[in-house]
**Q** 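After the structure tokens below, expect a handful of questions from me.
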Amino acid sequence: MKVSDLRPNAAVDRIELDVEEVGEPRNFSNYRGPGTVATATVKDETGDATLTLWNEQINQVHSGDKVVVEDGFVKTFQGKLQISTGRQGKLTVQPE
């Protein structure tokens with residue numbers, strides 16, 4: 001799957017992405033309790049998107065990394081595609 005294949009409210013089976021930049025983490029609290037979230041700008045040869053990083057994922061991902069998202073989903077936020085693993089998906093940082 002490529003960024004150009006992504007559609008809002010669709011599943012992401014598997015996508016490989018280059019991380020351009022990781023934003024500052026923000027704390028939040030919801031009905032599940034407190035947590036931390038950050039967004040990363042990611043791309044492949046077909047386009048760019050935003051990757052949502054949850055809690056421990058934030059410390060695993062850095063600018064310049066290659067990551068793989070499996071069993072995630074896509075939504076739209078502020079007019080931009082946003083990829084997330086949610087609770088069911090998996091994020092893997094590829095070795096150099």
Side-chain angles (χ1 to χ4, degrees):
M1 180 171 252
K2 299 290 183 188
V3 170
S4 61
D5 300 325
L6 299 176
R7 300 289 176 257
N9 303 316
V12 174
D13 295 332
R14 184 179 193 281
I15 189 167
E16 293 184 33
L17 301 160
D18 295 314
V19 179
E20 292 195 311
E21 182 180 4
V22 178
E24 288 296 315
R26 303 176 304 283
N27 294 319
F28 70 90
S29 184
N30 63 18
Y31 67 93
R32 290 189 195 107
T36 307
V37 64
T39 55
T41 303
V42 294
K43 68 174 186 168
D44 67 13
E45 63 274 6
T46 67
D48 62 3
T50 301
L51 174 63
T52 304
L53 302 171
W54 301 101
N55 300 310
E56 68 280 347
Q57 292 175 340
I58 296 167
N59 295 324
Q60 297 171 354
V61 177
H62 304 91
S63 297
D65 284 348
K66 274 194 179 301
V67 296
V68 176
V69 175
E70 296 174 289
D71 299 323
F73 63 90
V74 180
K75 64 179 185 173
T76 314
F77 183 71
Q78 296 179 342
K80 190 161 179 96
L81 292 174
Q82 193 168 58
I83 305 164
S84 180
T85 57
R87 288 183 283 159
Q88 306 297 322
K90 180 179 173 185
L91 175 77
T92 307
V93 178
Q94 297 297 100
E96 293 286 322

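Scope of the values below: all heavy atoms of this structure, side chains included, with no hydrogens, waters or symmetry mates.
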**Q** How long is the gap from CG on Leu53 to OG1 on Thr50, to the nearest 0.5 Å?
**A**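 Rounded to the nearest 0.5 Å, the CG-OG1 separation comes out at 10.5 Å.
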**Q** Only pairs under 3.5 Å count here: list side-chain donor-acceptor contacts from residues 5-19, not counting sequence neighbours, and write none if there are none.
**A**
{"unit_1": "Asp5", "atom_1": "OD2", "unit_2": "Lys2", "atom_2": "N", "d": "3.0"}
{"unit_1": "Arg7", "atom_1": "NH1", "unit_2": "Ser4", "atom_2": "O", "d": "3.1"}
{"unit_1": "Arg14", "atom_1": "NH1", "unit_2": "Glu16", "atom_2": "OE2", "d": "2.9"}
{"unit_1": "Asp18", "atom_1": "OD1", "unit_2": "Lys66", "atom_2": "NZ", "d": "2.6"}

**Q** Which heavy atom of His62 sits nearest to which heavy atom of Asn59, and what is that distance?
**A** CE1-O, 3.3 Å
**Q** Any idea which heavy atoms bring Gly23 and Ala38 closest together, and the distance?
**A**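 Result for this residue pair: O-CB, 3.8 Å.
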**Q** Name all pairs fulfilling the side chain to side chain donor-acceptor pair (under 3.5 Å) condition that reach into residues 24-36, sequence neighbours left out, sorted by first residue then second.
**A** Asn27-Thr36
**Q** For residues 68-88, run the donor-acceptor check on the side chains, cut-off 3.5 Å, and write out each pair with its distance to 0.1 Å, sequence neighbours left out.
**A**
{"unit_1": "Ser84", "atom_1": "OG", "unit_2": "Trp54", "atom_2": "NE1", "d": "3.0"}
{"unit_1": "Ser84", "atom_1": "OG", "unit_2": "Gly86", "atom_2": "N", "d": "3.1"}
{"unit_1": "Thr85", "atom_1": "OG1", "unit_2": "Gln57", "atom_2": "NE2", "d": "3.0"}

**Q** Give a yes or no answer on whether the side chain of Asp65 reaches the backbone of Val67 with a donor-acceptor pair at less than 3.5 Å.
**A** no
**Q** Taking Asn55 for its side chain and Ile58 for its backbone only, find out whether a donor-acceptor pair lies under 3.5 Å.
**A**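 Here the side-chain-to-backbone pair does not exist.
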**Q** Begin with the C-alpha distance, continue with both residues' side-chain angles, and end with the deciding distance and a verdict on side chain to side chain contact (heavy atoms under 4.5 Å, CB included) for Asp48 and Val3.
**A** CA-CA 6 Å; Asp48 62 3; Val3 170; 5.7 Å; no
**Q** Does Val37 share a hydrophobic cluster with Leu91, counting links as ILVMFWY side-chain heavy atoms below 4.5 Å and allowing steps through other members?
**A** no
